[in-house]
Amino acid sequence: MGHVDFAILAGGRSSRLGRDKGLLEICGKPMFLWVLEACIPYANRILIVTSSIEQKKEYEEYLERFSVKGVRIVVDEESEIRCPLIGARTAFKNVKSEYTFLLPCDTPLVNSSVLQLLISMSKGYNAVVPRWPNGYIEPLHSIYKTDKALAAVESSLNDERYDMRSMLERLNRILYISTLVIKRFDPYLYTFLNVNREGDFKKAGKILKKHCLRG
């Protein structure tokens, strides 16, 4: 598993939840830390991508508070555009491994077995991307060949295309893996539960509290 760096994208702010989603605490831990802990068994290195120096400092304080070592935090380059594609570019520029696994900071139920599955399928592909039966894809829960993905991002931005799909359109050798397959490892597909609203936060909290009690 040693060919992968993980990049947790934390640049977005939630207007609905009123603050930085990644720092909202569940079971006494910020959401980004739940994501980070799922990555640790499979990562060469872990990178957190933030959108400002102020946000970087906040994440550094949490890493220190929870005694987490060896995680690098970087800040997006100055840009008028705020979107995941900008965060992805920052990630691809700063990782050191052949492959980069992108994850959002607000998916605290990400399943380690799912991460392992996607990594195990990555050799020979420029991207491995989960896809739902209705065709919806999960480009922020995907693994990418770092150099190819960076070139695709730069091409998208040059064409003033700011969505993750535009990057994928510029890549060949993409393996789309059905969520029906992923269900064997994560029966309720909680890996893809983004905490965007108060209801999502409560749902994730309820599930993780059971985990905390068992632990």
When you measure from the side chain of [X] to the backbone of [Y], do you find a donor-acceptor pair of N or O atoms at a distance under 3.5 Å?
X	Y	value
Ser156	Arg161	no
Asp200	Asn196	yes
Arg170	Lys148	no
Trp132	Glu138	no
Ser155	Ala151	no
Thr100	Thr146	no
Ser52	Gln55	yes
Asp5	Ser97	yes
Tyr99	Ser122	yes

Please check if the number of heavy atoms outside Lys203 that lie under 6.0 Å from its NZ is greater than 12.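 It does not: Lys203 NZ has 12 such atoms or fewer within range.
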
OH (Tyr125) with more than 12 external heavy atoms under 6.0 Å: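 12 or below, so no.
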
I would like to know whether Leu103 and Val110 meet side-chain contact (heavy atoms from CB on, under 4.5 Å); could you show each step before the answer? CA-CA 9 Å; Leu103 285 170; Val110 64; 4.2 Å; yes

Taking only residues two or more places apart in sequence or in another chain, which ones pass ring pair (Phe, Tyr, Trp, His ring centres under 6.0 Å) with Tyr188?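 Ring pair (Phe, Tyr, Trp, His ring centres under 6.0 Å) check on Tyr188 returns Tyr190.
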
For residues [X] and [Y], report the shortest heavy-atom separation together with the two atoms involved.
X	Y	value
Asp20	Ala10	OD2-O, 4.4 Å
Ala204	Val195	CB-CG2, 4.1 Å
Leu193	Pro108	O-CD, 4.3 Å
Gly135	Arg165	O-NH2, 3.5 Å
Cys105	Tyr59	SG-OH, 4.2 Å
Val114	Ile182	CG2-CG2, 3.7 Å

Please report the C-alpha distance between Met167 and Arg89 in whole Å, then the side-chain angles of each, then the deciding distance to 0.1 Å, and finally whether the side-chain contact (heavy atoms from CB on, under 4.5 Å) criterion is met. CA-CA 10 Å; Met167 176 188 72; Arg89 177 179 64 179; over 6 Å; no

For a salt bridge (charged side-chain N to carboxylate O under 4.0 Å, His left out) check, start with the C-alpha distance between Glu60 and Lys56, then their side-chain angles and the critical distance, and finish with the verdict. CA-CA 6 Å; Glu60 285 172 341; Lys56 179 176 185 279; 2.7 Å; yes

With sequence neighbours excluded, what pairs up with [X] under the side chain to side chain donor-acceptor pair (under 3.5 Å) test?
X	result
Glu61	none
Glu154	none
Thr90	Asp76

Would you sort out whether Glu25 and Tyr62 count as a side-chain contact (heavy atoms from CB on, under 4.5 Å), showing the intermediate values? CA-CA 11 Å; Glu25 292 192 19; Tyr62 272 90; 3.5 Å; yes

Quick check: is Leu180 connected to Leu117 through a chain of hydrophobic side chains (ILVMFWY, heavy atoms under 4.5 Å apart)?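 Cluster IDs for Leu117 and Leu180 differ.
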
Does Ile73 share a hydrophobic cluster with Ile40, counting links as ILVMFWY side-chain heavy atoms below 4.5 Å and allowing steps through other members?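 In one cluster with Ile73: Ile40, yes.
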
Could you work out the complete set of other residues in the hydrophobic cluster of Ile53, with links drawn between I, L, V, M, F, W and Y side chains under 4.5 Å apart?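 ILVMFWY cluster around Ile53 also holds Val75.
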
Hey, are Thr191 and Asn111 close enough side-chain-wise for a donor-acceptor pair under 3.5 Å?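 Short answer, no.
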
CA sep, side-chain torsions, deciding dist, call: Lys123, Glu98, salt bridge (charged side-chain N to carboxylate O under 4.0 Å, His left out): CA-CA 10 Å; Lys123 276 293 183 185; Glu98 182 183 7; 2.9 Å; yes

Hey, could you give me each pair passing ring pair (Phe, Tyr, Trp, His ring centres under 6.0 Å) that has a residue in residues 137-157? Not counting sequence neighbours.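 Ring pair (Phe, Tyr, Trp, His ring centres under 6.0 Å) check on residues 137-157 returns Phe92-Tyr144, His141-Phe192.
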
Have a look at Phe101 and tell me which of Val95, Ile119, Ile46 forms a side chain to side chain contact (heavy atoms under 4.5 Å, CB included) with it.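 Among Val95, Ile119, Ile46, the one that satisfies the side chain to side chain contact (heavy atoms under 4.5 Å, CB included) with Phe101 is Ile119.
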
